[in-house]
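Just below is one structure, and these are the notes that go with it.
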Amino acid sequence: MTALVVGASAGVGRALSEALAANRKPLLLAASDPEDLNALAAHLRLVYGATVVTVAADARDPEAFAERLSAVAAEIDDIDELYFPIGFSRRDDKAQLDADASLAILNSNLTVVAAVTARFLPSLLRQPKARIVGFGSIAALRGRKANVIYSAAKRGLESYFESLRHFAAGTGVVVQLYRLGYIETQQSFGQRLLFPVVTPEQVARHVLATEGRDFGVRFFPRFWQLIALAVVWLPWRIYKKLNF
């Protein structure tokens, strides 16, 4: 059985690919940059002796992305795990993006996840044990003037995973969504953040340690659960004055 990682070449996706390879899991890795993918695949084969197949495709075109993945997957072992550490944001995402820019963010964070899952779900449902893992964001907790489309996409992702979990109830498919806090990536580098960051490797280790647990949605790190509660219940007269 093979694990599919969508968004595998950087950040959490790269760390997750390495953790799975260390556990001797055959991999199908997908991302947009073929050079990054090939370098990662070569590293995993050399260090872990991993079986790795790569697919370079653009998530901004979800149907073509899913079609390409499906075609490649048909030539290898069955997929029993789907991981979606994929995401795309822009610093100028402040409610004034045009339709094309907004659609690129929506497709890369939400639509491509649904499109790929739809392709593999029938096969997953036939298996005695399978897993689908999504990665949300604390940005989806409450609408704000920054990351407007990105936050909307991540909130939509939460609703999609809740529906997916309901759909798969009673089957061997475990559906999990992680609401991630601040992660140590290129996006967060140099930023002044209010709360501690965690490394992609810490996220990957936690994800692998929670295999098979039907918890639905979980914050990581877990302290974000208390922060989220405060943000959600903060009165509007105060919340609207926050500059973030």
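In this chain, residues are counted from 1 in sequence order. Heavy atoms only: backbone and side chains are in, while hydrogens, waters and symmetry mates are out.
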Distance from [X] atom [atom1] to [Y] atom [atom2], nearest 0.5 Å?
| X | Y | atom1 | atom2 | answer |
| --- | --- | --- | --- | --- |
| L28 | T51 | CG | OG1 | 12.0 Å |
| L27 | R45 | CG | CZ | 10.0 Å |
| N147 | R90 | CG | CZ | 11.5 Å |
| R126 | S123 | CZ | OG | 5.0 Å |
| R91 | D93 | CZ | CG | 12.5 Å |
| S17 | K25 | OG | NZ | 13.0 Å |

I want to check something: taking the side chain as every heavy atom from C-beta on, are [X] and [Y] in contact at a cut-off of under 4.5 Å?
| X | Y | result |
| --- | --- | --- |
| N109 | L157 | no |
| L125 | F167 | yes |
| I227 | F219 | no |
| D92 | L97 | yes |
| E162 | V175 | no |
| Y150 | F88 | no |
| V12 | V207 | no |
| V203 | L180 | yes |

Which heavy-atom pair separates [X] from [Y] by the least distance, and what is that distance?
| X | Y | answer |
| --- | --- | --- |
| S151 | A140 | O-CB, 3.8 Å |
| A66 | R119 | CB-CG, 3.8 Å |
| L29 | A8 | CB-CB, 3.8 Å |
| T111 | N107 | OG1-OD1, 3.1 Å |
| P85 | L16 | CG-CD2, 4.5 Å |
| A30 | L69 | CB-CD2, 3.8 Å |

Given the rule that I, L, V, M, F, W and Y join up when any side-chain heavy atoms are under 4.5 Å apart, are [X] and [Y] in one cluster?
| X | Y | value |
| --- | --- | --- |
| V72 | V113 | yes |
| V53 | F120 | yes |
| L4 | F161 | yes |
| L40 | I183 | yes |
| L121 | V174 | no |

State whether the side chain of [X] and the backbone N or O of [Y] hold a donor-acceptor pair below 3.5 Å, judged by distance alone.
| X | Y | result |
| --- | --- | --- |
| R131 | D80 | no |
| S159 | G156 | no |
| E158 | R155 | no |
| R60 | A104 | no |

Original post:
How far apart are the C-alpha atoms of Q127 and M1, what are their side-chain angles, what is the distance that settles it, and do they pass the side-chain contact (heavy atoms from CB on, under 4.5 Å) test?
Top reply: CA-CA 10 Å; Q127 298 176 30; M1 293 293 185; 3.9 Å; yes
Subject >> Check against side-chain contact (heavy atoms from CB on, under 4.5 Å), Y83 and I132 >> reply: CA-CA 6 Å; Y83 298 91; I132 304 173; over 6 Å; no
Original post:
Tell me, which pairs form a side-chain hydrogen bond (donor to acceptor under 3.5 Å, both in side chains) where one or both residues lie in residues 69-79, sequence neighbours left out?
Top reply: none
Original post:
Between F215 and R218, is there a cation-pi geometry (under 6.0 Å to ring centre, at most 45° from the normal)?
Top reply: yes
Subject >> NZ or CZ of R179 within 45° of F220 ring axis and under 6.0 Å >> reply: no
Subject >> Check against salt bridge (charged side-chain N to carboxylate O under 4.0 Å, His left out), R14 and E201 >> reply: CA-CA 9 Å; R14 184 181 182 90; E201 290 74 22; over 6 Å; no
**OP:** Let me see the working for R213 and Q176 under side chain to side chain donor-acceptor pair (under 3.5 Å), right down to the final yes or no.
**Re:** CA-CA 8 Å; R213 300 184 190 177; Q176 302 170 329; over 6 Å; no
Original post:
Should we say atom CZ of R68 is surrounded by more than 12 heavy atoms from elsewhere, each under 6.0 Å from it?
Top reply: no
Subject >> Ring geometry between F135 and Y178 (parallel below 30°, tilted from 30 to 60°, perpendicular above 60°) >> reply: parallel
**OP:** Could you check L177 against R165 for side-chain contact (heavy atoms from CB on, under 4.5 Å), going step by step and ending with a plain yes or no?
**Re:** CA-CA 10 Å; L177 180 78; R165 185 185 181 210; over 6 Å; no
Subject >> Worked verdict on K129 versus E81 for salt bridge (charged side-chain N to carboxylate O under 4.0 Å, His left out) >> reply: CA-CA 9 Å; K129 181 181 178 183; E81 297 178 5; over 6 Å; no
